[in-house]
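Throughout, residue positions are numbered sequentially from 1 according to the sequence presented.
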Amino acid sequence: STEIRLIRVMCSGRIDLDFVLRAFSNGMDGVFIGGCRLNECNYITHGNYHALTTALLCKRILEYIGLDPDRLRIEFMSAGEGNVFTEVVNQFSKKIKELGPIGIREGLDREEWRSRLEDVRKLVPYIKMATREKLESRLTKKEEYDALFTREEIDRLFSEVVSYYIDPELCKACMICQRKCPVEAIDGRKNQIHVIDQDTCIKCGTCFEACPPRFGAVKKMTGGPVP
């Protein structure tokens with residue numbers, strides 16, 4: 001197919017959840033991931049298993065936000081199976097043509113589906129931490145794929161999103177959490193009470209772990225607005 005843009009990576013295990021979501025957010029109608037056959041990885045990490053679980057998670061997320069999960073496909077083949085690659089890619093291209101431009105069949109306008117994708121992208125660090133154990137699974141049978149992440153589990157994942165805030169009564173303005181924050185979401189300086197910018201926060205929990213136990217100023221909560 002001439003309608004696919006190839007992006008090469010050293011290993012399919014390098015495919016991050018955010019890469020796929022960003023591709024869709026940028027207007028791609030479909031994303032195909034091709035990796036080495038399972039148990040034939042050139043690296044001891046066997047990254048193709050991680051690529052598989054990441055793709056299965058992403059398909060559930062697409063379904064959750066109202067996009068057809070068939071817009072994402074992952075297949076495994078050896079470098080010498082060019083004929084298999086060609087056949088699979090042509091099949092996928094045909095499927096994407098049937099689905100049409102992203103959002104059309106799903107009944108979502110461009111602003112709506114982009115907004116949903118961007119909202120999920122902000123939660124990628126939280127999602128990866130919350131699903132870490134399952135993302136490390138090594139699935140050996142296709143029958144196991146659908147059961148890895150259930151719809152109910154994904155619903156719960158997004159309905160119980162974790163938030164963090166700093167209790168002004170307990171904050172000692174020590175700047176430890178501020179220095180540790182990977183996205184500079186904490187506003188404050190020495191001798192000034194710190195505040196977490198909820199729009200910038202990626203909910204990674206770094207501040208919660210960094211705050212000295214004797215202070216306990218960073219609080220973790222779910223299911224409600226931050227005080």
May I have all residue pairs that pass side-chain hydrogen bond (donor to acceptor under 3.5 Å, both in side chains) and include part of [range], sequence neighbours excluded?
| range | answer |
| --- | --- |
| residues 207-227 | none |
| residues 137-154 | Glu63-Arg151, Lys134-Glu153 |
| residues 177-191 | Arg189-Gln192 |

Let me confirm one number: the [atom1]-[atom2] distance from [X] to [Y], rounded to the nearest 0.5 Å.
| X | Y | atom1 | atom2 | value |
| --- | --- | --- | --- | --- |
| His50 | Thr45 | NE2 | OG1 | 10.0 Å |
| Arg71 | Arg105 | CZ | CZ | 8.0 Å |
| Asp29 | Leu99 | CG | CG | 9.0 Å |
| Leu52 | Ser12 | CG | OG | 9.0 Å |
| Leu56 | Leu148 | CG | CG | 6.0 Å |
| Lys128 | Leu123 | NZ | CG | 12.5 Å |

With a 4.5 Å limit on heavy-atom distance, are the side chains of [X] and [Y] in contact?
| X | Y | result |
| --- | --- | --- |
| Met77 | Glu75 | yes |
| Ile176 | Pro212 | yes |
| Pro182 | Cys204 | yes |

How close do [X] and [Y] get, heavy atom to heavy atom, and via which atoms?
| X | Y | value |
| --- | --- | --- |
| Cys211 | Gly216 | SG-N, 3.9 Å |
| Ile74 | Ala55 | CG2-CB, 3.9 Å |
| Ser163 | Val226 | CB-CG2, 3.7 Å |
| Leu157 | Ala130 | CD1-CB, 3.5 Å |

Quick one: do [X] and [Y] end up in the same hydrophobic cluster if we chain Ile, Leu, Val, Met, Phe, Trp and Tyr together by side-chain heavy atoms under 4.5 Å apart?
| X | Y | value |
| --- | --- | --- |
| Leu6 | Val84 | yes |
| Leu38 | Ile33 | yes |
| Phe19 | Met10 | no |
| Val218 | Val161 | yes |

Yes or no on side-chain contact (heavy atoms from CB on, under 4.5 Å) for Asn48 and Asn39, after CA distance, side-chain angles and deciding distance? CA-CA 8 Å; Asn48 43 12; Asn39 280 327; over 6 Å; no
Should the pair Lys122-Asp199 be classified as a salt bridge under the 4.0 Å nitrogen-to-oxygen rule? no
Given Ile102 and Asp68, is the side-chain contact (heavy atoms from CB on, under 4.5 Å) satisfied, shown in steps? CA-CA 9 Å; Ile102 184 170; Asp68 196 314; over 6 Å; no
Quick test of your reading: applying ring pair (Phe, Tyr, Trp, His ring centres under 6.0 Å), list the pairs with at least one residue in residues 184-227, sequence neighbours left out, ordered by first then second residue. Tyr164-Phe208
Here the ring pair (Phe, Tyr, Trp, His ring centres under 6.0 Å) pairs for residues 76-115, sequence neighbours left out, are Phe32-Phe92
Suppose we screen for ring pair (Phe, Tyr, Trp, His ring centres under 6.0 Å). Which residues come up paired with Phe158, at least two apart in sequence or across chains? Tyr64
Val195: hydrophobic cluster co-members (side-chain, 4.5 Å): none
Residues in side-chain contact (heavy atoms from CB on, under 4.5 Å) contact with [X], at least two apart in sequence or another chain:
| X | result |
| --- | --- |
| Arg37 | Glu40, Glu81 |
| Pro213 | none |
| Ala185 | Cys181, Val183, Thr200, Cys201 |

Go through Asp70 and Leu62 one step at a time and tell me if the side-chain contact (heavy atoms from CB on, under 4.5 Å) criterion holds. CA-CA 9 Å; Asp70 286 342; Leu62 291 176; over 6 Å; no
Do other residues, nucleotides or ligands put more than 12 heavy atoms under 6.0 Å from the CD atom of Glu111? no
Test side chain to side chain contact (heavy atoms under 4.5 Å, CB included) applied to Ile65 and Ile154, Leu117, Asp119, the passing residue: Leu117
The single option from Thr54, Val9, Leu21, Val124 that satisfies side chain to side chain contact (heavy atoms under 4.5 Å, CB included) with Asp16 is Val124
Please name all residues satisfying side chain to side chain donor-acceptor pair (under 3.5 Å) with Ser25, sequence neighbours left out, ordered by chain then number. Glu118
Run the side chain to side chain donor-acceptor pair (under 3.5 Å) test against Gln198 and tell me which residues pass, sequence neighbours left out. none
